Amino acid sequence: MTTQTVIRKQDFHRVGEYIWELPKTFRSDMRVPVRIYADEELLEDALGDKSVEQAVNAATLPGLVRYVIVMPDVHQGYGFPIGGVAATDTESDGVISPGSIGYDINCGVRLLGTRLMREEIAPYLADLATSLYKNCPSGVGVEGHVPVSKTELDRVLVEGARWALERGFARPEDLQHTEEFGRMPGADPDKATPKAKERGKDQLGTLGAGNHFIEVDEVVEVYDEEAAERMGLRQGQICVQIHCGSRGFGHQICTDYLERFERVIHKYGIRLPDKELMCAPFNSPEGQDYLKAMACAANFAFANRQVLTYHIRRSFEETFKGKINRTEQGVPVWDVFQVYDIAHNMGKIEEHEVDGRRVRVCVHRKGATRAFGPGAPGLPDDYKGIGQPVLIPGSMGTASFVLLGTPGSMAQSFGSTCHGAGRVMSRAKAKREVRGDVLKQQLQAQGIQVRAGSMPGLAEEAPIAYKDVDRVVNVVHHAGIAKKVAKLVPIAVIKG
Amino acid sequence: MRPEASSFEEIEHTADWAIRVRGATLPDLFANAARAMYSLVVDLGALPLTETRTVEVEGVSVEGMLVKWLNELLYITEMDHLAFSRFHIEALDAPGDPPEGPIGRLLARVEGGPARELRKYIKAATYHGLSVRRDTDGYSAEIVFDV
């Protein structure tokens with residue numbers, strides 16, 4: 001049973017302009033403090049639901065180092081808050097916790113760029129939105145997904161986006177611009193459960209429902225010209241974001257391993273305030289098996305976003321070939337290149353400095369983005385000097401941001417930052433207050449094309465259900481755990 | 001077993017979907033939880049009764065069994081494009097205390113029909129804050145779904 005805890009603003013110490021710390025003495029079972037990145041208003045928002053209580057519960061996990069970190073876009077989740085980061089020591093008593101990574105393993109965001117400018121695509125925008133909706137299937141059993149045999153699915157699970165490259169769904173440079181280069185190491189398909197494989201085999205290349213989307217954006221503001229140029233971004237340019245994850249495959253991996261962990265947790269003597277935090281020692285057989293299965297789900301998601309990228313390229317070609325003939329350096333301006341692809345639900349084994357020594361930790365990021373600074377390992381050569389691109393989608397109809405990881409994120413937050421706007425209103429309340437068809441009309445009146453499978457689903461994702469993404473991004477920028485590069489606004493939204 | 005509509009209610013949750021379920025007996029609780037879940041996913045009144053499935057669940061806690069029961073049903077829904085509205089719990093043996101206690105077992109027959117178009121996609125039933133409680137009116141539980 002979850003321990004009921006009342007948390008007030010005065011329980012925090014302000015340790016920086018945007019950092020609030022809840023000491024580990026706040027509750028006797030906490031092993032580390034909780035640090036929240038927020039301004040005063042966002043802190044009030046965080047205290048408005050159970051997200052901070054969930055972070056306090058997470059602070060009881062065995063083997064945590066430093067503190068549990070809460071990002072400014074935090075909202076209440078299940079077990080671990082959405083917008084949380086926790087690092088456990090893999091060399092001593094640290095655990096791995098599937099619920100602290102999430103059901104949608106390697107849910108993430110991919111940003112694609114073009115050389116098209118807003119004014120030149122205006123006459124074709126409706127056609128582009130329709131083509132994207134048609135070519136990028138949202139659900140199960142929809143024409144357009146890539147069916148794979150059991151043997152080929154195992155290759156997807158091991159190779160990730162490399163499988164997509166072999167099958168002609170990718171360009172080599174796409175993989176260079178993907179976290180982990182599109183292939184999470186250590187995946188073992190024998191550790192992925194049979195049910196997960198059954199669910200996954202017909203879902204490759206599908207978007208899914210809920211808050212997942214494809215969005216066509218315009219770059220409206222550039223804050224760092226040099227970094228933007230390195231990423232191929234400039235004012236007025238057309239980009240595309242994909243937000244989706246590992247579909248039913250990842251959900252089933254999480255479900256099945258939570259059940260397995262429940263069967264063995266007593267033998268490790270671990271007591272938790274919430275069963276959803278269920279975990280196993282990192283170095284236990286169960287912990288290691290989950291790590292290998294999680295890597296399979298991560299690779300499924302990388303391959304999934306890569307197949308969707310292929311479909312998006314088809315849509316741009318269908319819409320603009322023969323209509324816009326402008327080229328730059330011999331390449332049609334409607335050609336789609338990859339800026340970067342990030343995960344925001346993931347467990348990663350990384351080395352970080354803790355109290356002056358290097359420690360190998362398992363960084364759980366649930367609704368939080370890796371934000372490695374310049375020179376960090378794992379970055380492609382062309383981004384080594386600027387740091388890792390971080391992609392922050394806003395709520396539907398509002399701005400999104402491109403950020404970069406910083407030395408500050410490496411020092412303060414295990415190389416992590418926020419992941420989006422963060423909800424402040426329940427889905428039920430959003431549906432009571434907003435009608436999907438009215439919202440669609442309002443967005444269309446703002447010049448945003450909307451293609452959506454479900455009007456109630458659209459209403460649940462209404463902008464009033466989310467925090468102000470500008471405010472969230474300003475907190476991480478000023479706190480130094482990411483820096484702003486560019487701002488995007490949507491001109492077409494495609495939802496399942 | 002036809003649970004009453006008042007056997008569950010929705011609870012506010014910022015990001016996901018949460019319900020409070022009641023049942024006079026433990027089997028009622030399990031049946032009502034499944035019915036509540038499907039009331040979110042499909043129009044139960046319009047669902048045909050053309051398909052029957054048998055579901056078996058094991059677990060080391062009643063809570064774990066409840067989560068697994070709902071997730072088994074979600075799995076069938078996703079794989080076979082079926083939804084269910086009638087839940088006959090034919091056997092339910094609660095687990096003993098771990099580690100020595102016996103494993104809990106549930107056997108159920110569920111009735112429903114094709115549901116290709118779902119109102120909502122549920123990723124999973126979660127363990128979050130889940131506690132099956134017993135009082136003078138029977139059993140109750142709060143369940144959070146990742147949606």
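Per chain, numbering begins at 1; letters A, B, ... match sequence-line order. Quick caveat, the model's predicted, so the values are computed rather than measured.
A:K267 NZ: more than 12 foreign heavy atoms inside a 6.0 Å radius. Residue B:R134 places its CZ atom among 12 or fewer non-hydrogen atoms of other residues, nucleotides or ligands, all under 6.0 Å distant. The local environment of CZ in B:R53 is crowded, with over 12 non-hydrogen atoms from other residues, nucleotides or ligands closer than 6.0 Å.
With a 4.5 Å cut-off on side-chain heavy atoms, A:K275 and B:H128 do not count as touching. Using a 4.5 Å heavy-atom cutoff, the side chains of A:H251 and B:Y121 are in contact.
Residues of residues 59-67 of chain B lying within less than 4.5 angstrom of chain A, judged on heavy atoms, are B:G59, B:V60, B:S61, B:E63, B:G64 in numerical order. Using non-hydrogen atoms only and a strict 4.5 Å limit, the part of residues 135-147 of chain B facing chain A consists of B:V144, B:D146, B:V147.
Interface residue B:E58: backbone and side-chain heavy atoms are both found under 4.5 Å from chain A. At a 4.5 Å heavy-atom cutoff, A:V264 makes no contact with chain B through either its backbone or its side chain. In this structure, chain A has a heavy atom under 4.5 Å from the side chain of B:I103, while its backbone stays farther away. Heavy atoms closer than 4.5 Å to chain A are found in the backbone of B:A125, but not in its side chain.
Here the side chain of A:E276 pairs no donor or acceptor atom with the backbone of B:T126 at under 3.5 angstrom.
Taking the charged nitrogens against the carboxylate oxygens, B:E78 and A:R247 have no contact shorter than 4.0 Å, which rules out a salt bridge.
The distance from the SG atom of A:C254 to the CG atom of B:N71 is 9.5 Å, given to the nearest 0.5 Å. The OG1 atom of A:T255 lies 10.0 Å from the CD atom of B:E72; values are rounded to the nearest 0.5 Å. Rounding to the nearest 0.5 Å places NZ of B:K123 at 6.0 Å from OH of A:Y78.
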Next item on the list: Evaluate the side-chain contact (heavy atoms from CB on, under 4.5 Å) criterion for residues B:K120 and A:E460: first the C-alpha distance (whole Å), next the side-chain angles of each, then the deciding distance (0.1 Å), finally the verdict.
Entry: CA-CA 11 Å; B:K120 164 144 323 275; A:E460 289 182 17; 2.6 Å; yes

Check: Does the side-chain contact (heavy atoms from CB on, under 4.5 Å) test come out yes or no for A:E259 and B:Y127, once each step is laid out?
Finding: CA-CA 10 Å; A:E259 189 209 341; B:Y127 286 88; 4.2 Å; yes

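Between the side chains of A:E198 and B:Y75, no donor-acceptor pair is found at a separation under 3.5 Å.
Note on A:M425, A:M278, A:E262: by heavy-atom pairs under 4.5 Å with chain B, the leading option is A:E262. Among A:H75, A:R423, A:K429, the residue making the largest number of heavy-atom pairs under 4.5 Å with chain B is A:R423.
Here the closest non-hydrogen pair linking A:D274 and B:G129 is OD1-N, 2.9 Å.
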